[in-house]
Structure formats: structure tokens, C-alpha cells
Trainee: 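Here it is: the structure, laid out below.
None of these values were measured; they are calculated from a predicted model. First the proteins, then the strands, lettered A, B, ... as listed; each starts at 1.
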Number of protein chains: 2
Amino acid sequence: MSIRLTHRELDIMAVLWRLGSGTVNEVWAEIEDDLAYSTVLTMLRTLEGKGHVRHEVQGKAFRYYPVTQSEDAGSGALDRVLDKIYQGSRELLVTRLLADEEVSPEELRRIRELLDERLGELES
Amino acid sequence: MSIRLTHRELDIMAVLWRLGSGTVNEVWAEIEDDLAYSTVLTMLRTLEGKGHVRHEVQGKAFRYYPVTQSEDAGSGALDRVLDKIYQGSRELLVTRLLADEEVSPEELRRIRELLDERLGELES
DNA sequence: TACTAGCTATTACGTTTTTAATAGTTAATA
DNA sequence: TATTAACTATTAAAAACGTAATAGCTAGTA
């Protein structure tokens, strides 16, 4: 079975993926919701117990590093969305993804390039 | 806050979205995992309590209809994946989505068309 | 009408998740 | 050295999830 992070676990992993690493304090500061410091601490220990993060001692604090990478957690989540919501249709998913007003033409172009590359590979 | 279905709730909603509607029996038959009939029943009642489905009496059975539509639940889930895993980068997400070996050239072409349309809109 | 198959309603319970208070520890510092 | 600020460790416990047994109801049918 694919890796399955809980809601809150994902919030915390996301911070570590973004920062590369973080102390409890750093993670706590980044989390949007108003959690207690000790809650974040517990969460990180839980994640460590599950093998998703590891820590090194840094002064008197622990510095946590992601072990599970976003890709590994991501593919499961994305596949699930693709399967359950968009019934396996990547087109539907992409349609929805690009329907957003905020997508810039530049981003669209880069994505098209990406597609062209991929198509080139297949046709050669 | 966006709609947030639990894992199992999503499984069940996915069936209803696909079939359009379903009795407990029908949903139960479609769910892959080996659940007790009463579990599915409970789940549907829970979903009804949360307003995600409604039912009509059909003979002696209930026929359930989705109230929450896949798009509504989907955007939340997709946005979350986009945000937390791919750090908001649609490119990264699309890259991953199309990296899959199983994607056919036809599908890629259709997606490219989709992109071209969208770009056309923006440029005009 | 009595029976029964097929449903729904009720109730419960183990597990996981989430949150957090508070106790203990340690490294710097007055 | 005594103090304290900044951490980690321990312990609880409420809430959410997931699962299912069993009781109760009802429409058809023998």
C-alpha cells in the first residue's frame, strides 16, 4: 500500500520538504493553524516513530529531516484524487488544474513544452 | 474551509459519483474492500448527516444521491496535493502526472489541445 | 394471516488522530 | 555555582474514524 500521511502529518511534512529541515520551533512557526508547541513536538515524534522523519541533535534542540520524500507521499495522494475524483482521467484533472484563473500564460507554456517533450519521446 | 472527506467517505462518494446514485446494496457491491453491509449503511448515514448525500425511498430500500459533487470535493483535495506536495507548482504536478508509463500519446495530445485552447483564450 | 427476506435503526467498541498540559533535562549565564 | 531559558519526555484524554453486531420494521408471499 502506498504511503498515507494523515492531514496534520502532511501539514508538517510539507514544512520540512519546503525548508529542507526544521527544529520544533521552526516547524511550529510555519504551521498556519494555531497549535501548541508541544503538539508539534508530539507530531514530529509520531512521524519519527513511523519513519517519516529523523533527527539530529543540534545544540540542545533536535533538527528534524524528512525521510519520506514528497514524491513518495505525493504519488499516492495524487493517484487517489485521479482515480476517485476524476475517474482516472488525466485530462479531466488537468482541465480542472488549469481552469484556475491564477494560472499564468508562462506556466501554461512551460507545461506545454513539457508535454511536447514527452510526446517527442514517444514518437521517436 | 474546503470540503474534506475521509478516506472511506471518498471511496463511497466515488461510487455514487460514478453510478449517479445507489442503494446500500449497490454501493456495497461496488466497494472493493470487504466491508460488512452494515458498515456501508452506517457510512451512508454518516455522509447524509454531514450533508454529502441525500436519499429517496424506493420500495423498501433507500436510494442515495450525491449532494456534494466530485468537483467540490475534488478541488479541495487537488489543491491540497498541489499546495503541500508540489509546493503550488502545477508544472511539477503535471510532470509527475504524465511521467506515468501508462499515459497514451492520444491522451497527451488531447491534453496539449486543451492547453492550446487555454493559451489561445489568454492571448486573444 | 403468519412467515420471511430484505431493509433500516440502534448501539457499541477498538483504533487512530489530534491536541496539549506538565514534568524533566540541559546548556548557557549571571 | 545557582538560575533560568529553551528544549525534550511523559502522560492524558477528547474527538474522529472505521467497523460491525444485532434489533426492529415492512412488504411481499405461502
Trainee: For B:Met43 and C:dC7, what is the distance between atoms CE and C1' respectively, to the nearest whole Å?
Mentor: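 That distance rounds to 20 Å.
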Trainee: How close or far is atom P of C:dT8 from atom CZ of B:Arg63, stated in whole angstroms?
Mentor: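 Taking atom P of C:dT8 as the reference, CZ of B:Arg63 is at 11 Å.
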Trainee: Would you indicate, yes or no, if C:dT8 has its OP1 or OP2 atom less than 4.0 angstrom from a side-chain nitrogen or oxygen of B:Tyr37?
Mentor: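 Yes, such a contact exists.
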Trainee: side-chain hydrogen bond (donor to acceptor under 3.5 Å, both in side chains) with A:Thr68: which residues, sequence neighbours excluded?
Mentor: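 Here the qualifying residues are A:His52.
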Trainee: For A:Glu102, give me all partners under salt bridge (charged side-chain N to carboxylate O under 4.0 Å, His left out), at least two apart in sequence or on another chain.
Mentor: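 Residues passing salt bridge (charged side-chain N to carboxylate O under 4.0 Å, His left out) with A:Glu102: none at all.
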Trainee: Report the residues that fulfil side-chain hydrogen bond (donor to acceptor under 3.5 Å, both in side chains) with B:Glu107, sequence neighbours left out, ordered by chain and then residue number.
Mentor: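 Result, side-chain hydrogen bond (donor to acceptor under 3.5 Å, both in side chains) vs B:Glu107: none returned.
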Trainee: When the distance from CG of A:Leu44 to P of C:dA20 is rounded to whole Å, what number comes out?
Mentor: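 Checked: the CG to P distance equals 15 Å.
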Trainee: Sequence neighbours excluded, which residues qualify as salt bridge (charged side-chain N to carboxylate O under 4.0 Å, His left out) partners of B:Asp79?
Mentor: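 For B:Asp79, the residues satisfying salt bridge (charged side-chain N to carboxylate O under 4.0 Å, His left out) (neighbours in sequence not counted) are A:Arg96.
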Trainee: Please tell me if the side chains of B:Arg45 and B:Tyr64 come closer than 4.5 Å, counting only heavy atoms from C-beta onward.
Mentor: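 Heavy-atom side-chain distance check passes, below 4.5 Å.
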Trainee: Quick one: B:Glu26 CD to C:dG6 P, roughly how many Å, whole number?
Mentor: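 The answer, rounded to whole Å, is 15 Å.
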Trainee: With a strict under 4.0 Å distance from non-hydrogen atoms of chain A, what nucleotide opens and what nucleotide closes the contacted stretch of DNA chain D, reading 5' to 3'?
Mentor: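 Contacts span D:dA5 to D:dT10, reading 5' to 3'.
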Trainee: Name each donor-acceptor pair under 3.5 Å that joins a side chain in residues 32-41 of chain A to protein atoms two or more places apart or in another chain, with its distance.
Mentor:
from: A:Asp33; atom 1: OD2; to: A:Arg8; atom 2: NH1; distance (Å): 2.8
from: A:Asp33; atom 1: OD2; to: A:Arg8; atom 2: NH2; distance (Å): 3.2

Trainee: Partners of B:Lys60 by side-chain hydrogen bond (donor to acceptor under 3.5 Å, both in side chains), sequence neighbours excluded?
Mentor: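 With sequence neighbours excluded, B:Lys60 shows a side-chain hydrogen bond (donor to acceptor under 3.5 Å, both in side chains) to no residue whatsoever.
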Trainee: Please state how far atom CG in A:Leu5 lies from atom C1' in C:dT16, giving the value in whole angstrom units.
Mentor: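 My rounded result for the distance is 14 Å.
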Trainee: Can you list everything that forms a ring pair (Phe, Tyr, Trp, His ring centres under 6.0 Å) with B:Tyr86? Sequence neighbours excluded, please.
Mentor: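 Ring pair (Phe, Tyr, Trp, His ring centres under 6.0 Å) check on B:Tyr86 returns nothing, list empty.
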Trainee: Checking A:Glu30 now: which residues fulfil salt bridge (charged side-chain N to carboxylate O under 4.0 Å, His left out) with it, not counting sequence neighbours?
Mentor: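 Counting only residues at least two positions away or on another chain, A:Glu30 forms a salt bridge (charged side-chain N to carboxylate O under 4.0 Å, His left out) with A:Arg18.
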Trainee: Give the residues of residues 70-79 of chain A touching DNA chain D, defined as any heavy atom closer than 4.0 Å, sorted by residue number.
Mentor: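 Nucleic-acid contacts, sorted: none.
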Trainee: Atom CG of A:Leu47 to atom C1' of C:dT16: distance rounded to whole Å?
Mentor: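 A:Leu47 atom CG is separated from C:dT16 atom C1' by 14 Å.
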Trainee: Determine, for nucleotides 21-30 of chain C in 5'-to-3' order, which nucleotides have protein heavy atoms under 4.0 Å from the base (write B), from only the sugar-phosphate (write S), or from neither (write -).
Mentor: B-----S---
Trainee: To the nearest Å, how far apart are A:Asp11 CG and C:dT18 P?
Mentor: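 Atom-to-atom, A:Asp11 to C:dT18, this comes out as 9 Å.
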Trainee: Starting from the C-alpha separation in whole Å, work towards a yes-or-no answer on side chain to side chain contact (heavy atoms under 4.5 Å, CB included) for B:Lys50 and B:Glu9.
Mentor: CA-CA 11 Å; B:Lys50 293 183 180 177; B:Glu9 283 172 356; 2.6 Å; yes
Trainee: Which residues satisfy the salt bridge (charged side-chain N to carboxylate O under 4.0 Å, His left out) test with A:Glu113, sequence neighbours excluded?
Mentor: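 Partners of A:Glu113 under the salt bridge (charged side-chain N to carboxylate O under 4.0 Å, His left out) test: none.
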Trainee: Output the rounded distance in Å from CG (A:Leu35) to P (C:dT17).
Mentor: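 Between P of C:dT17 and CG of A:Leu35: 16 Å.
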Trainee: Does B:Asn25 put a side-chain nitrogen or oxygen below 4.0 Å from OP1 or OP2 of C:dC7?
Mentor: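 Affirmative; the distance criterion is met.
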Trainee: Within the structure shown, what part of the strands sits under 4.0 Å from A:Thr39 by heavy-atom distance: base, sugar-phosphate, or nothing?
Mentor: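 Here A:Thr39 touches the bases of the nucleic acid.
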